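None of these values were measured; they are calculated from a predicted model.
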Amino acid sequence: MRSDQSVEKFRRLMPVFIHIVAVLPMASSVLTVPAALSAVPFDISNLFPGPPLLGQIGDWLPVWVTPIYAISIGLLIGAAAAAVLYAVLAILSFVPPLGKLADSPVSGNIASLVIGAVLAVLLCRQYAFKGQEFEQTLLLPLALIGLVMGYAVVYGMWYRTREEWGQILTEGIVPYVLSVTGIFVLIGLAGAYMIQEPMRFVDSAKQVHLIGDGTVQIVLEVPGTDKDVNADEATFHPRPIQYDLSELSRLTISSDKTVMLADGANMSEFSRNPTRIDAGESLVFNYEDRDQPPLPSDSSRLHIQNRELNTATVTFTMTSIPKIPEMSQAVGIGAIAFFLISALVAFRQAAPRVWALALSTAKNEMAQTLYLILLVMGVVGVVIFSIYPFNTLGDDIRMFKDSSVTLIMVLAMLQAVWSSGTSVSEEIEGRTALTVLSKPVSRRSFLLGKYAGIIMSVAVMFVIIGAFLLLLMSYKPIYDARETAKAMPVWEMGFEEIMSTVPVLGLYFMQTMVIAAIAVALATRLPLLANLILCFVIYVIGNLTQPLVASAQGENPLVGFFGNLIAVVVPNLNIFNVQSAMDSGNQVPWIYLAGSFNYLVCFAVAIWMLAMLLFEDRDLA
């Protein structure tokens, strides 16, 4: 009897818990939890695979592990690129002028800024001036990437970096992140034997274009036909070019004269009808439209007939993609991993005092009982959400994703605000900060170190829970198909769900950084409880400001004025809220993250200046 009551109580509380953690970000989109949700009991038997699952393991395991395998290859490429770069820099560190360049902070900073500026200009020219929409939002992120890489190169050549690599890889948050990433990669590689032709993914990774979009232009000259020869009897000239139809995403063929494309020199050799291109016209082939390419599958059989007297100029514009297009995104994940490794090296070696404070803060916060409790709650919550029957008529994956990322963000924010109170406010009140500042550490370095340490501890929480989420997200389409007796989905579906979750995690991590910055600034003056309440109020207002301002347009001018005033003072957290995109099933474009990052940087700088004003004249004695 008691057991039945417990199950009934759990069934009633689960929808409430889901609604609480998701209600604030969902407020702007006016999304309500379906009424059917509260009427569905939780079936604990879903936790344990039955005989049908074990009997079909050969069917669903490859589908589940293939997206993980693809991402693992991308991560390995990023790690290998970082290893090669810093191995080369370590060799260069034996050259005295290069190895000791960073001994002087002045020369190290100047060299880093010069190299960083050059890299920033190259990156901006490559990616931010291509005539695409919203590309201006890439300027600030690309400039910061260039500067960080400049510091990474200069301090990577430092002889002390070469000697301290053992410490770099074993201190702070690095072992935790490496362990989680390593386990994720091992799971992917272990399932390689279940995948058909796993080397296809490696070959496709080699075809990814990190620079440019893979567009190649080939110009061919075709001699004109003799004036005494009928155009239909003109010679088909062999013009072999290098291409692979399976790798082409777009093909444009243009000519200034009327020409015919064929796969042989005469009609007896034709396996298909020749394709005509009139003078001044273009023939476009798109892989997405499943168009039939006008070129022969064997590139050596390409023949072109010029039907006019003058020489024809035929231009082939080919845009290639990997044979497995998903590998472009997987290699992109590897590029992010490569950059994060470089950012870690630059931060640790270029700002040792701030790094020491951040490292100490992260260690202390991650050793707290609350941190472990929140971590366990996040992992357990994500697992429960993955098997809970939301009964949304096909939207269970969306609800699982929405509930999980919101839960991770809420737990991370709670940890960030709590850490701000314990590591900043209590240290100021307990005179511990006075002891730290008595050393050659400025108040600016103190605040930056504390903020960086809090963000590092929160980042570990995102990585650990996020890894569980991605693993379960790859399996969720399979689970739903089995529960609804549908056909087994393809692995691309799981990969798409993973890659649509990663940008959302990035945006919610940025939102957590905003709240953490506010919490650190307030902790210089307020105790923990007041800080927690005020941050909660800012979080609520920040998520509701944009809808309120929009609804006030055209209404009372006074209401609109105060709404706009609040929108200026309080951070607009709706920038990081992609609830509407998740509701509609659309993937968040990566360029949107660049725009959100611009807002994060500007707001963080403003909050940091406010924190310095509050902390500069604070009496620590």
For [Y], does its backbone N or O pair with a side-chain atom of [X] as donor and acceptor, under 3.5 Å?
X: Asp402; Y: Arg398; result: no
X: Thr406; Y: Ser403; result: no
X: Asn531; Y: Ala519; result: yes
X: Tyr451; Y: Met513; result: yes
X: Glu497; Y: Met493; result: no
X: Ser404; Y: Lys401; result: no
X: Tyr599; Y: Phe576; result: no
X: Gln511; Y: Asn577; result: no
X: Ser107; Y: Leu101; result: yes
X: Ser112; Y: Gly108; result: yes

How many angstroms lie between atom [atom1] of [X] and atom [atom2] of [Y], to the nearest 0.5 angstrom?
X: Ile408; Y: Leu374; atom1: CD1; atom2: CG; result: 12.5 Å
X: Met366; Y: Tyr176; atom1: CE; atom2: OH; result: 4.5 Å
X: Leu600; Y: Ile575; atom1: CG; atom2: CD1; result: 10.0 Å
X: Leu140; Y: Ile145; atom1: CG; atom2: CD1; result: 10.0 Å
X: Glu492; Y: Ile324; atom1: CD; atom2: CD1; result: 8.5 Å
X: Lys476; Y: Trp64; atom1: NZ; atom2: CH2; result: 15.5 Å

Does atom [atom1] ([X]) have a neighbourhood of more than 12 heavy atoms from anything else shown, all under 6.0 Å?
X: Trp491; atom1: CH2; answer: yes
X: Tyr159; atom1: OH; answer: yes
X: Phe468; atom1: CZ; answer: no
X: Arg444; atom1: CZ; answer: no

For [X] and [Y], test the side chains for any donor-to-acceptor distance below 3.5 angstrom and give the result as yes or no.
X: Tyr86; Y: Ser342; value: yes
X: Glu365; Y: Thr422; value: yes
X: Arg162; Y: Ser93; value: yes
X: Asp396; Y: Tyr388; value: no

Within the structure provided, determine whether [X] and [Y] are in side-chain contact (heavy-atom separation under 4.5 Å).
X: Arg200; Y: Lys323; value: no
X: Val460; Y: Leu375; value: no
X: Trp158; Y: Lys100; value: no
X: Leu76; Y: Leu189; value: yes
X: Val345; Y: Trp165; value: yes
X: Ile168; Y: Thr161; value: yes
X: Tyr151; Y: Phe347; value: no
X: Cys124; Y: Leu138; value: no

Practice task
Apply the side chain to side chain contact (heavy atoms under 4.5 Å, CB included) test between Leu470 and each candidate in Ile71, Val502, Val382; give the one that qualifies.
Solution key: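 So, applying the side chain to side chain contact (heavy atoms under 4.5 Å, CB included) to Leu470 and each of Ile71, Val502, Val382, only Val502 qualifies.
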Practice task
Given side-chain contact (heavy atoms from CB on, under 4.5 Å), test Phe184 with Leu471 step by step and report yes or no.
Solution key: CA-CA 8 Å; Phe184 189 94; Leu471 291 174; 3.7 Å; yes
Looking at every non-hydrogen atom in both residues, tell me the closest pair between [X] and [Y] and how far apart they are.
X: Gly146; Y: Leu123; value: N-CD1, 4.0 Å
X: Ala128; Y: Leu142; value: CB-CD1, 4.0 Å
X: Gly166; Y: Thr170; value: O-OG1, 2.7 Å
X: Ser596; Y: Leu507; value: OG-CD2, 3.3 Å
X: Val148; Y: Ala346; value: O-CB, 3.9 Å
X: Pro175; Y: Ser179; value: O-OG, 2.6 Å

Exercise for the section: Determine, stepwise, if the pair Asn364 / Ser423 fulfils side-chain contact (heavy atoms from CB on, under 4.5 Å). Expected result: CA-CA 9 Å; Asn364 291 336; Ser423 64; over 6 Å; no
Sub-6.0 Å ring centroid separation between [X] and [Y]:
X: Phe462; Y: Phe509; result: yes
X: Trp60; Y: Tyr475; result: yes
X: Phe201; Y: Tyr69; result: yes

Exercise for the section: Could you please spell out the steps behind the side-chain contact (heavy atoms from CB on, under 4.5 Å) verdict for Phe338 and Leu85? Expected result: CA-CA 10 Å; Phe338 169 80; Leu85 172 64; 3.6 Å; yes
Practice task
Would you check, one step at a time, whether the test side-chain contact (heavy atoms from CB on, under 4.5 Å) holds for Thr361 with Ser457?
Solution key: CA-CA 8 Å; Thr361 302; Ser457 63; over 6 Å; no
Handout entry: Check ion pair Arg160-Glu163 (N to O, under 4.0 angstrom)
Key = no
Problem - Ionic contact status for Arg348 with Glu171, cut-off 4.0 Å - result: yes
Practice task
Report the C-alpha separation of Ser419 and Gln415 in whole Å, then their side-chain angles, then the decisive distance to 0.1 Å, and conclude whether the side-chain hydrogen bond (donor to acceptor under 3.5 Å, both in side chains) test is met.
Solution key: CA-CA 6 Å; Ser419 298; Gln415 173 62 35; 2.7 Å; yes
